[in-house]
Amino acid sequence: TQLLEQSPQFLSIQEGENLTVYCNSSSVFSSLQWYRQEPGEGPVLLVTVVTGGEVKKLKRLTFQFGDARKDSSLHITAAQPGDTGLYLCAGVRAQKLVFGQGTRLTINP
Amino acid sequence: DAGITQSPRHKVTETGTPVTLRCHQTENHRYMYWYRQDPGHGLRLIHYSYGVKDTDKGEVSDGYSVSRSKTEDFLLTLESATSSQTSVYFCAISESTSGGYEQFFGPGTRLTVL
């Protein structure tokens with residue numbers, strides 16, 4: 001049973017388009033994180049959202065935590081080939097992380 | 001760089017053989033974790049440690065054991081490897097940061113069980 005459901009699992013779009021990745025759960029987490037993983041490497045943290053309704057921006061990436069702290073979204077504006085990678089959401093619970101399945105994003109030039 | 005290394009980086013073994021993967025950290029972190037990553041499943045926690053000789057199970061612990069006799073080393077052992085344990089294994093440490101809480105991951109070990 002996957003506690004965190006990510007969608008879509010695969011996404012291939014053209015450079016310059018916008019996209020949104022969703023992370024949903026029936027459970028409440030103390031905070032939620034988004035990681036990015038390159039081939040052959042471990043995941044690297046992009047952002048942590050803590051407060052319900054919180055919105056954080058990282059250049060062209062916008063992260064939102066749902067009001068009930070059960071879901072989150074990642075929106076990328078004007079996607080670039082350098083955004084290609086595996087994006088993982090993770091719920092934080094008592095010094096442990098629960099990961100979603102991941103979204104494999106491909107941005108075509 | 002959180003100073004995490006994993007060894008070996010790649011391993012091919014046969015069903016039924018024992019395998020030990022090593023995670024080494026240089027910064028005295030208390031918490032260490034072992035995950036496996038498989039397509040369609042993201043990362044799943046196998047075991048974790050919250051101090052020397054203090055370990056606990058994660059969500060997919062069957063067939064795995066761990067040991068932590070020193071702060072810097074966390075070992076993952078497959079007593080009798082099976083083909084279902086073919087995966088990429090990641091070690092991680094956790095750290096409290098200005099942003100809250102963060103896990104730092106090692107480079108991974110690709111294990112193939114034939």
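In what follows, chains carry the letters A, B, and so on, assigned in the order in which the sequence lines appear, proteins first and then strands, with residues in each chain numbered from 1.
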May I ask you to check whether over 12 heavy atoms, not counting those of A:Gln80, lie within 6.0 Å of atom CD? yes
Inspect the surroundings of OH in A:Tyr22 and state if more than 12 heavy atoms from other residues, nucleotides or ligands are less than 6.0 Å away. no
Is it the backbone or the side chain of A:Glu41 that comes under 4.5 Å from a heavy atom of chain B, or both, or neither? backbone
Segment of A:Leu97 engaging chain B (4.5 angstrom heavy-atom cut-off): both
Is chain A contacted by the side chain of B:Arg9, its backbone, both, or neither, given a heavy-atom distance below 4.5 Å? side chain
Indicate, with yes or no, if [Y] and [X] share a hydrophobic cluster defined by side-chain heavy-atom contacts under 4.5 Å among Ile, Leu, Val, Met, Phe, Trp and Tyr.
{"X": "A:Leu61", "Y": "A:Phe65", "result": "yes"}
{"X": "A:Leu58", "Y": "A:Leu105", "result": "yes"}
{"X": "A:Leu88", "Y": "A:Val44", "result": "no"}
{"X": "A:Leu3", "Y": "A:Val28", "result": "no"}
{"X": "A:Ile76", "Y": "A:Leu11", "result": "yes"}

Nearest heavy atoms of A:Lys96 and B:Tyr48, plus distance in Å: CD-CE2, 3.5 Å
Would you say B:Gln37 and A:Leu86 make side-chain contact, with heavy atoms under 4.5 Å? yes
Can you find a side-chain donor-acceptor pair between A:Gln33 and B:Gln103 that sits under 3.5 Å? no
Kindly compute the distance separating CZ (A:Phe99) from OH (B:Tyr35), expressed to the nearest 0.5 Å. 5.0 Å
Measuring from A:Leu45:CG to B:Glu95:CD, what's the distance to the nearest 0.5 Å? 11.5 Å
Against chain B, work out which of A:Gly40, A:Pro43, A:Gly102, A:Ser31 has the most heavy-atom pairs shorter than 4.5 Å and name it. A:Pro43
